Amino acid sequence: MRSERLLALLLLLQTHGQTSARELAERLEVSVRTVMRDVEALSAAGVPVYTERGARGGIALVPGYRTDVSGLTADETRALFVLLSDSAHADLGLGQAMGSALRKIMAVLPEVHRPDADLASRRVFIEPDRWRTGAAPAPVPALARLQDAVFGDRRLRVRYRHGRDGSERSYTLDAYGLVNKAGVWYLVADHQARPKLFRADRLVTARVLSEQARLRPGVELQHVWQDLRREVENLERPVKVTVRVAADSLTRFLRVHQTDLTNPEGIHDGDGPDTQATELTLRFHSLGHATTLLAFGPKVEVVDPPELQNALREAAQATAALYPATAPIE
């Protein structure tokens with residue numbers, strides 16, 4: 001809308017002083033002719049704007065003139081661009097409008113604040129959706145140090161407690177940024193040039209090193225985050241499995257996998273004749289969990305899905321390779 005463009009033009013002149021019509025046109029993504037018409041409109045509205053001709057000329061406001069629009073501080077700029085990284089606007093179909101708004105805000109920011117705004121938009125990402133497992137938010141004592149490393153492009157030395165077994169390990173990390181997913185903070189970083197995801201509240205210690213972070217050229221936080229997020233979601237995706245269980249192993253199978261059955265009430269030990277296999281449907285947390293079916297050997301046949309059949313086949317072949325055939329014992 002023209003009113004928005006007039007305000008953007010006014011803020012540009014207020015922030016940068018005398019500016020050529022061509023540069024204003026590039027910043028506002030309009031023609032030079034449109035800029036000159038907008039200057040005339042501002043002048044008609046009482047704004048003390050003037051033009052100077054010549055190689056060093058341009059468009060400017062009378063010295064000392066200020067609008068009522070307040071300037072942003074460095075912290076306010078960083079906060080604004082972090083907030084605008086929220087994916088909610090894309091869900092509402094406002095992604096293009098948000099991109100346009102960011103460009104306009106960046107255009108009128110004082111030069112000194114632009115690096116902070118750009119860095120904040122690339123190094124901190126907010127995502128409102130929870131993981132399927134629904135991790136609960138927790139305090140992060142090391143968050144200030146993580147920010148220092150992220151915004152200062154410094155390496156990190158951390159002591160991390162793993163969630164799967166509670167073990168602790170030390171890592172030297174090159175951080176791409178921080179992600180807040182439904183209130184839970186995560187550190188996205190490279191360890192030995194390989195991307196890893198660290199839940200920030202599991203950091204036992206964190207120390208910012210004097211060394212420059214060794215980030216992979218051309219790699220940004222959002223790209224690494226998307227790849228890591230897909231890995232986590234694939235691990236968490238439930239897998240529906242159909243199996244045939246030999247009659248002589250049904251009792252033991254039910255004892256082990258009773259809680260994995262989709263309809264445990266409808267299954268009874270001894271269903272079907274002794275010579276007939278029983279078909280069952282189970283649900284596992286992931287494909288990896290489902291590979292435990294291999295423990296039953298040929299007594300349990302996986303009917304579906306094909307990817308689990310392939311995983312079990314590969315595991316069985318790898319195991320068989322450990323025991324090469326030998327000559328029969330006489």
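Since the structure is predicted, the reported quantities are computational estimates derived from the model, not experimental observations.
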L156 versus A175, closest heavy-atom pair with distance: CD1-CB, 4.4 Å
Assert yes or no for the condition that the ring centre distance of H257 to F284 is strictly below 6.0 Å. yes
Could you walk me through whether R27 and E23 pass salt bridge (charged side-chain N to carboxylate O under 4.0 Å, His left out), step by step? CA-CA 6 Å; R27 289 178 178 271; E23 183 177 348; 3.2 Å; yes
Heavy-atom pair with the smallest gap, counting every atom of P139 and P141: O-CD, 3.5 Å
Rounded to the nearest 0.5 Å, what separation is found between the OG1 atom of T19 and the CD1 atom of I59? 8.0 Å
What's the verdict on side-chain contact (heavy atoms from CB on, under 4.5 Å) for E279 and T242, showing C-alpha distance, side-chain angles and the deciding distance? CA-CA 7 Å; E279 188 167 293; T242 302; 3.7 Å; yes
Given salt bridge (charged side-chain N to carboxylate O under 4.0 Å, His left out), test D190 with R214 step by step and report yes or no. CA-CA 8 Å; D190 274 358; R214 302 171 187 175; over 6 Å; no
Hey, are the side chains of L24 and V30 touching, using non-hydrogen atoms and a 4.5 Å cut-off? no
Determine, step by step, whether R207 and R145 satisfy the side-chain contact (heavy atoms from CB on, under 4.5 Å) criterion, reporting the C-alpha distance in whole Å, the side-chain angles of both residues, the deciding distance to 0.1 Å, and the verdict. CA-CA 7 Å; R207 181 164 56 93; R145 289 187 292 280; over 6 Å; no
Under 4.5 Å between side-chain heavy atoms, counting indirect links through other Ile/Leu/Val/Met/Phe/Trp/Tyr residues: same cluster for V219 and W225 or not? yes
Please determine if D148 and R154 form a salt bridge, counting it only when a charged side-chain N lies under 4.0 Å from a carboxylate O. no
Is there side-chain contact between T292 and V256, with heavy atoms separated by less than 4.5 Å? no
Side chain to side chain contact (heavy atoms under 4.5 Å, CB included) partner of Y171, chosen from R159, Q192, H191: H191
Stepwise side-chain hydrogen bond (donor to acceptor under 3.5 Å, both in side chains) test for R157 and T172: CA-CA 5 Å; R157 182 66 178 173; T172 299; 2.7 Å; yes
How far does CG of L250 sit from CG of L280, to the nearest 0.5 angstrom? 6.5 Å
When rounded to the nearest 0.5 angstrom, what distance separates CG in L178 from CD in Q147? 6.5 Å
For residues 39-52, which side-chain N or O atoms pair as donor and acceptor with protein atoms under 3.5 Å away, sequence neighbours left out?
none

Could you tell me whether the side chain of L187 reaches within less than 4.5 Å of the side chain of L197, counting heavy atoms only? no
Do R283 and V239 come within less than 4.5 Å of each other through their side chains, counting heavy atoms only? no
Taking atom types as modelled, is there a side-chain donor on R199 or Y160 under 3.5 Å from an acceptor on the other? no
Closest non-hydrogen contact found for G218 with H223 is O-ND1, 4.5 Å
Rounded to the nearest 0.5 Å, how far does CD of E307 lie from CG of D304? 7.5 Å
Results of side chain to side chain donor-acceptor pair (under 3.5 Å) for D174 - residues two or more places apart only: R155
Which is it for V245 and L254 under the side-chain contact (heavy atoms from CB on, under 4.5 Å) test, yes or no, and what are the steps along the way? CA-CA 10 Å; V245 183; L254 293 177; over 6 Å; no
With salt bridge (charged side-chain N to carboxylate O under 4.0 Å, His left out) as the test, would you mind laying out the steps for R161 and E168 before giving the verdict? CA-CA 4 Å; R161 185 182 68 256; E168 293 186 8; 5.4 Å; no
A quick test of your reading: do over 12 heavy atoms of other residues, nucleotides or ligands sit less than 6.0 Å from CZ of R22? no
Do V224 and L228 make a side-chain contact, defined as non-hydrogen atoms from C-beta onward lying under 4.5 Å apart? yes
For Q309 against V303, the heavy-atom pair lying closest together: NE2-O, 3.1 Å
Measuring centre to centre across the rings, with the benzene-like ring taken for any Trp, is F198 within less than 6.0 Å of Y186? no
If we only count heavy atoms from C-beta on, is the W185 to V179 side-chain gap below 4.5 Å? no
Identify the heavy atoms of V241 and L293 that sit nearest to each other, and give their distance. CG1-CD1, 4.0 Å
Using a 4.5 Å cut-off on heavy atoms from C-beta on, say whether the side chain of V150 contacts that of Y176. no
When rounded to the nearest 0.5 Å, the distance separating OG of S31 from CZ of R37 is 6.0 Å
Which distance, rounded to the nearest 0.5 Å, do you find between the CD of E301 and the CG of L312? 11.0 Å
Specify the closest pair of heavy atoms between A200 and L146, including all atoms of both residues, with the distance to one decimal. CB-CD1, 4.0 Å
